[in-house]
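Sequence lines set the chain letters: A, B, ... in the order given, protein chains first and strands last, and positions in each chain run from 1.
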Number of protein chains: 2
Amino acid sequence: MTEQYFGTRPTLEAVAARAGVSRATASRVVNGGTGVRPPLVDKVRQAVEELGYVPNPAARSLVTRRTGAVAVIVAEPETRFFSDPFFSQQIRGISKELSAHDVQLVLLLVEGPDDYGRISRYLTGGHVDGALAFSLHDDDPLPAITRGAGMLTVFGGRPGFPAAVPYVDADNRGGAREAVRHLLSLGRREIAHIAGPLDQTASTDRLAGYRDMLPEADPALVAEGAFTTASGARAMSELLARRPELDAVFAANDLMASGALRVLREHGRRVPEDVALVGFDDMVSIAEATDPPLTTVRQEIEEMGRLMARLLLRGLDQGVAGPGAPSSVITPTTLVRRASA
Amino acid sequence: MTEQYFGTRPTLEAVAARAGVSRATASRVVNGGTGVRPPLVDKVRQAVEELGYVPNPAARSLVTRRTGAVAVIVAEPETRFFSDPFFSQQIRGISKELSAHDVQLVLLLVEGPDDYGRISRYLTGGHVDGALAFSLHDDDPLPAITRGAGMLTVFGGRPGFPAAVPYVDADNRGGAREAVRHLLSLGRREIAHIAGPLDQTASTDRLAGYRDMLPEADPALVAEGAFTTASGARAMSELLARRPELDAVFAANDLMASGALRVLREHGRRVPEDVALVGFDDMVSIAEATDPPLTTVRQEIEEMGRLMARLLLRGLDQGVAGPGAPSSVITPTTLVRRASA
DNA sequence: GCCCGAGGAGAGAGCGCTCTCGCACGGCAG
DNA sequence: CTGCCGTGCGAGAGCGCTCTCTCCTCGGGC
């Protein structure tokens with residue numbers, strides 16, 4: 001039960017006075033205590049305790065030029081951010097890693113094109129030491145903004161342009177190959193694909209994996225969705241109209257797979273007997289809730305978030321001018337077999 | 001294309017020099033420009049532009065004692081945070097309101113009991129001006145922490161203790177009454193309830209609403225879940241075992257309703273013919289994806305988030321010592337009729 | 001034409017911290 | 001016993017900004 005000094009929080013000065021040392025020594029103790037003799041360390045520690053001293057972050061970062069915070073920028077049209085647990089999970093991984101290093105997470109949600117100015121100003125303002133950014137479309141202005149602000153930034157998902165920026169991504173192409181390979185191993189021959197929006201690399205990479213395994217496949221077997229349940233349903237209807245004889249579907253995420261599943265059932269196709277279905281993500285709350293439960297390609301979403309944070313922190317520690325920008329990381333995927341294929 | 005001065009960003013001093021005015025005048029212009037004659041204002045504005053000046057937030061908040069940031073504290077066991085779009089949506093509303101006022105959002109996720117120390121230190125450290133906190137269990141230490149830190153805090157959801165803290169909550173009790181009233185109007189007489197965890201007021205309030213309409217109901221008609229799909233399924237199994245003759249279920253959220261739906265189907269009960277089912281939340285991605293689509297009680301989640309932020313900002317503006325802590329707000333609910341009841 | 005008041009601009013103090021520098025003191029070698 | 005080096009501590013400058021206080025200037029009223 002520490003006393004409350006309303007209005008005037010104790011300063012380092014006060015701590016120093018109470019401990020009978022100089023401000024410099026008090027500062028040394030607060031920041032690790034190296035080079036100070038034990039008895040003095042104890043005295044200062046005690047003074048800190050008694051006064052309930054907490055360093056003023058503004059004063060500190062004014063001189064250190066470090067804020068101890070990083071921005072997490074989520075640029076995604078309405079629909080996806082709050083229907084897709086993907087981001088929550090990735091942010092969770094990021095949060096864990098950051099708070100383990102006592103770094104704070106400032107969340108910047110981009111709601112519309114006007115927001116980019118705000119974000120840009122915020123980054124150049126030096127509120128944060130670095131940034132993590134998500135889910136770029138090919139024409140996303142974010143990389144240009146973070147570069148312009150001179151802000152070290154790690155991206156989530158491979159950016160859709162040749163710039164050499166550090167990123168963390170799942171092995172989308174390999175995962176897709178595995179999904180299709182599984183369907184082939186079940187004896188399926190008319191394998192359709194419901195792709196995500198093709199201005200995102202996650203979609204194009206998964207499509208590329210599909211094509212790797214089925215180079216001869218009829219283009220009519222591919223339909224584009226938008227990573228939402230509804231778009232998956234729509235794409236499935238299209239595919240059934242175009243190629244009624246299809247016997248398998250690989251959807252680029254679980255949400256679209258669940259939409260497809262509903263449409264398949266409405267058309268009287270049994271899953272997996274008539275049509276085998278594989279998703280992507282292994283979003284447990286979706287994949288296990290469908291009937292039948294979804295066979296899907298699992299990516300370690302939380303781990304990817306953790307990796308992004310780790311990469312950024314490492315880059316920050318070496319200084320931006322250090323031996324190298326952090327390099328990128330591709331995380332493996334695994335096929336999770338449930339009942340739908 | 002502003003020139004980049006690596007290492008040395010321009011200061012107010014530099015702007016003042018370039019504009020041929022004093023630092024004080026430059027500051028006045030940057031902060032609104034009142035009391036400065038137009039020609040000087042223009043000169044300063046131009047200098048700001050040319051140098052690409054952005055104020056140093058640390059220096060600023062060192063003297064103003066305002067950070068321009070608020071904390072959003074999410075204390076929720078793993079499972080729920082990333083399976084439930086609830087939070088994402090509420091955070092979205094908060095983010096919109098905050099960024100409209102140029103206030104930043106610092107996200108603090110509580111991963112375990114050890115984190116409370118970290119949070120407490122962070123709040124007392126003065127990193128933020130105020131806080132928004134979520135989803136308290138009855139024994140949650142958060143209110144004590146924010147009070148101890150002297151931090152103005154608006155809660156999301158009615159806290160489970162008598163303290164007079166400002167909060168924003170949906171009309172859980174009224175919504176529950178409406179759900180049950182609807183089931184009664186359909187002629188159902190054996191109406192069961194799948195409650196949420198009973199150490200949260202959202203659950204107890206919804207249960208209270210159920211009891212308001214059915215004061216005589218057999219206690220065996222109520223089972224407790226945990227707001228997850230799996231727990232909803234489990235609760236439904238229990239209820240069917242205890243009261244096989246039930247003809248309606250009101251679940252305290254959509255996730256549990258979807259779990260219940262699966263179990264009902266597994267037991268050969270048709271929905272809505274044999275058993276009518278109503279959920280709560282109107283989580284569109286769930287309620288519309290079930291088969292049949294879920295009748296549910298809608299709460300305006302994003303709006304609630306926006307309101308929380310508005311309440312906090314207003315309180316902050318008046319100063320904590322102002323005429324009054326912000327008062328609480330209860331937002332209305334509406335019944336959304338789909339096919340399940 | 002003079003005085004007074006209002007309003008606009010500048011000087012300077014400080015917000016709370018870190019960090020460099022210099023000084024003092026103790027131990028050891030010569 | 002003296003000189004030198006290493007270590008521990010304190011003094012003080014300064015990070016970039018805001019804001020008060022003072023000074024100056026200009027306009028209006030008598």
Which pairs, protein N/O on one side and nucleotides 4-7 of chain D N/O on the other, fall under 3.5 Å?
none

**Message:** When you measure from the side chain of Asp129(A) to the backbone of Val70(A), do you find a donor-acceptor pair of N or O atoms at a distance under 3.5 Å?
**Reply:** no

**Asked** Aromatic rings Phe87(A) and Phe134(A): how do their planes relate, parallel, tilted or perpendicular, breaks at 30° and 60°?
**Response** perpendicular

**Request:** Quick one: pull up OG1 in Thr146(B) and CD1 in Ile119(B) and give me the separation to the nearest 0.5 Å.
**Result:** 11.0 Å

**Item:** Length of the line joining Leu51(B):CG and dG16(D):C1', which is rounded to integer Å
**Value:** 15 Å

**Request:** For the pair Ser27(A) (side chain) and Arg23(A) (backbone), establish whether a donor and an acceptor sit closer than 3.5 Å, ignoring hydrogens and angles.
**Result:** no

**Item:** Rounded distance (Å) that lies between atom P of dC19(D) and atom CZ of Arg65(B)
**Value:** 12 Å

**Asked** About how many Å separate CG of Leu307(B) and OH of Tyr167(B), when rounded to the nearest 0.5 Å?
**Response** 13.5 Å

**Item:** Donor-acceptor contact present, side-chain Ser61(B) to main-chain Thr67(B), <3.5 Å
**Value:** no

**Item:** Distance (rounded to the nearest 0.5 Å) between Ile94(B) CD1 and Arg310(B) CZ
**Value:** 12.0 Å

Distances under 3.5 Å between nitrogen or oxygen atoms of protein and nucleotides 17-23 of chain C:
from    : atom 1 : to       : atom 2 : distance (Å)
dC17(C) : OP1    : Tyr53(A) : OH     : 2.4
dC17(C) : OP1    : Asn56(A) : N      : 3.2
dC17(C) : OP2    : Leu12(A) : N      : 2.4
dC17(C) : N4     : Arg23(A) : NH2    : 3.4
dT18(C) : OP1    : Asn31(A) : OD1    : 3.4
dT18(C) : OP1    : Asn31(A) : ND2    : 3.1
dT18(C) : OP1    : Arg60(A) : NE     : 2.8
dT18(C) : OP1    : Arg60(A) : NH2    : 3.3
dT18(C) : OP2    : Ser27(A) : OG     : 2.7
dT18(C) : O4     : Arg23(A) : NE     : 3.4
dT18(C) : O4     : Arg23(A) : NH2    : 3.1

**Message:** Any carboxylate oxygen within less than 4.0 angstrom of a Lys/Arg side-chain nitrogen, looking at Arg118(B) and Asp115(B)?
**Reply:** yes

**Asked** Any sub-3.5 Å donor-acceptor pair from Thr153(A)'s side-chain atoms to Met151(A)'s backbone N or O?
**Response** yes

Distances under 3.5 Å between protein N/O atoms and the N/O atoms of nucleotides 23-25 of chain D, please, pair by pair.
none

**Prompt:** Would you call Arg306(B)-Glu302(B) a salt bridge at under 4.0 Å N-O?
**Reply:** yes

